[in-house]
Amino acid sequence: MRRVILDVDTGHDDAMAILLAAAHPSLKLEAITVVAGNQVLEKTLANTVNICSLARIDVPIYAGMAQPLVRDQVISPAIHGDSGLGSAVFPAPLREPEDEHAVDFIIRACLAEPGELTLIPVAPLTNLAMAFLKEPRLKDCVREVILMGGAYGLGNYTPAAEFNIFADPEAAKIVFESGVPLTMIGLDLTHQAMVPPEVREEIRSIQSPVAQLVVELLEDYGEAYRQVMGFPAPPIHDVCAVAYAIDQTLIETKPMHVAVETTRGLCFGRTVCDFYGITGKAPNANVAVSLDQARFWPLFVNALRSY
Ligand code: RIB
Ligand code: CA
């Protein structure tokens, strides 16, 4: 049983990551922390509360940072819409967010039980970076960070940079340089997780409000990806990070040194991954390379069947 804290900027794929993390028996979802990213914090927080309410996921939710550390805020309405979750409609909230700030919660929870908690940020790394800055001992108390972000290949928000890193490059630099045990699930991996039509039809056949919500989210998210990126199907990025936390054999990784470009220019926010070990710098991350799709899709669909 791996105990995890999910850090989200709930948008479509964050919502699906929450559903997988809460449903799989080999994970204990201890809490969800929220940050600005796909949309402003007010909306990513409301979306997170709404998803947990609909799916009756009763875990504490903590609001975090509303702005990046240094840069101007960027959001992703082209993909996630004005609400951050398209046009989905939700029931009354099951619970309200906690009073404690997400950064303070992450520090308190990890220092209380050193080595016990895995942090799974699938959003800009502002909450984690603030926690590392506020409490330098944190890096020695976290079991592992499994993050969705970055790419050794092409970016998706700029040609060079992936959104979660581009939205707060200074925060990402702090996390990658912290020395914490780190796995990077980047676009090179998550673009292998574009939802096949037969998987979407299998989800559609599940008669439950949660599964039908996922169908609705995939239609909305799929159309956005078709228009913006010309993709035939939407990649469920954030679900891949949770899947790796469940079963590391699902994803092949390669140790690499990863540096984050924080100078402004064409490559601002790029994860510069030393794939061939050219720099001689010691690896600071395990970087995801290939996905076992044959086992990944049943893992996701079976989790949806459990609601
Ligand atoms: O680039 C993909 C990432 O950006 C995902 O986490 C998605 O939810 C957005 O936050
Ligand atoms: Ca996300």
Side-chain angles (χ1 to χ4, degrees), residues 4-21 32-41 43-48 51 61 64-66 68 73-81 83-86 88 102 119-128 145-169 171-172 175 183-195 214 217-218 220-222 224-225 228-229 231 233-245 260 268-271 273 287-288 291 300:
V4 303
I5 295 171
L6 206 48
D7 188 69
V8 298
D9 59 334
T10 305
H12 296 70
D13 56 328
D14 305 72
M16 296 174 215
I18 292 169
L19 294 173
L20 176 59
I32 303 173
T33 54
V34 187
V35 70
N38 286 318
Q39 261 297 347
V40 295
L41 178 64
K43 295 180 180 178
T44 58
L45 182 60
N47 292 339
T48 303
I51 284 293
I61 299 168
M65 301 302 288
Q73 185 166 56
V74 289
I75 57 176
S76 183
I79 296 291
H80 296 277
S83 74
L85 265 188
L119 304 179
I120 309 178
V122 292
L125 292 163
T126 319
N127 283 343
L128 254 67
V145 171
I146 301 170
L147 68 85
M148 191 279 134
Y152 51 81
L154 298 174
N156 65 355
Y157 202 81
T158 75
E162 179 277 328
F163 175 76
N164 286 340
I165 309 300
F166 184 74
D168 198 339
V175 173
T183 297
M184 172 182 135
I185 310 288
L187 296 178
D188 322 282
L189 190 283
T190 66
H191 282 172
Q192 299 172 49
M194 294 184 189
V195 185
V214 171
L217 290 178
L218 286 173
D220 188 72
Y221 188 49
Y225 258 96
V228 175
M229 305 282 285
F231 285 7
I236 50 175
H237 308 281
D238 297 344
V239 176
C240 297
V242 174
Y244 181 78
V260 180
F268 186 40
R270 180 166 181 73
T271 48
C273 302
V287 177
L291 175 67
F300 179 51

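What you are looking at is a predicted structure, and each value in this text was computed from that prediction instead of being measured. Counting convention: from 1, in listed order, for ligands and their atoms alike.
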Please determine, by modelled atom types, if Thr44 and Asp9 share a side-chain donor-acceptor pair under 3.5 angstrom.
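Side chains of Thr44 and Asp9: no pair found under 3.5 Å.
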Among protein heavy atoms, which sits nearest to [atom], and what does the distance come to when rounded to 0.1 Å?
atom                   : answer
atom 4 (O) of ligand 1 : Asn164 OD1, 3.2 Å
atom 8 (O) of ligand 1 : Asp13 OD1, 2.6 Å
atom 6 (O) of ligand 1 : Asp238 OD1, 2.6 Å

Classify the contact between [X] and ligand 1 as side chain, backbone, both or neither, using a heavy-atom distance cut-off of under 4.0 Å.
X      : result
Ile79  : neither
Thr190 : neither
Asn38  : side chain

Hey, does Glu162 come in under 3.5 Å of ligand 1, counting only N/O atoms on both sides?
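Looking only at distances, the answer is yes, because the N/O contact criterion of under 3.5 Å is met.
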Would one find an N or O of Pro124, backbone or side chain, under 3.5 Å from an N or O of ligand 1?
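In this structure, Pro124 places no N or O atom under 3.5 Å from an N or O of ligand 1.
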Shortest-distance N/O/S atom, Asp9 versus the Ca ion (ligand 2):
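Restricting Asp9 to its N, O and S atoms, the minimum distance to the Ca ion (ligand 2) goes to OD1.
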N, O or S atom within Asp238 nearest to the Ca ion (ligand 2), by name
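In Asp238, the heteroatom (N, O or S) nearest the Ca ion (ligand 2) is OD2.
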Anything under 30° is parallel, anything over 60° is perpendicular, the rest tilted; go ahead and classify His237 against Tyr225.
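It falls in the tilted class, 30° to 60°.
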Counting N and O atoms only, with roles assigned by atom type, does the side chain of [X] sit under 3.5 Å from a partner on the main chain of [Y], one being a donor and the other an acceptor?
X      : Y      : answer
Arg270 : Tyr152 : yes
Asp238 : Asp14  : yes
Asn164 : Gly150 : no
Thr126 : Pro68  : no

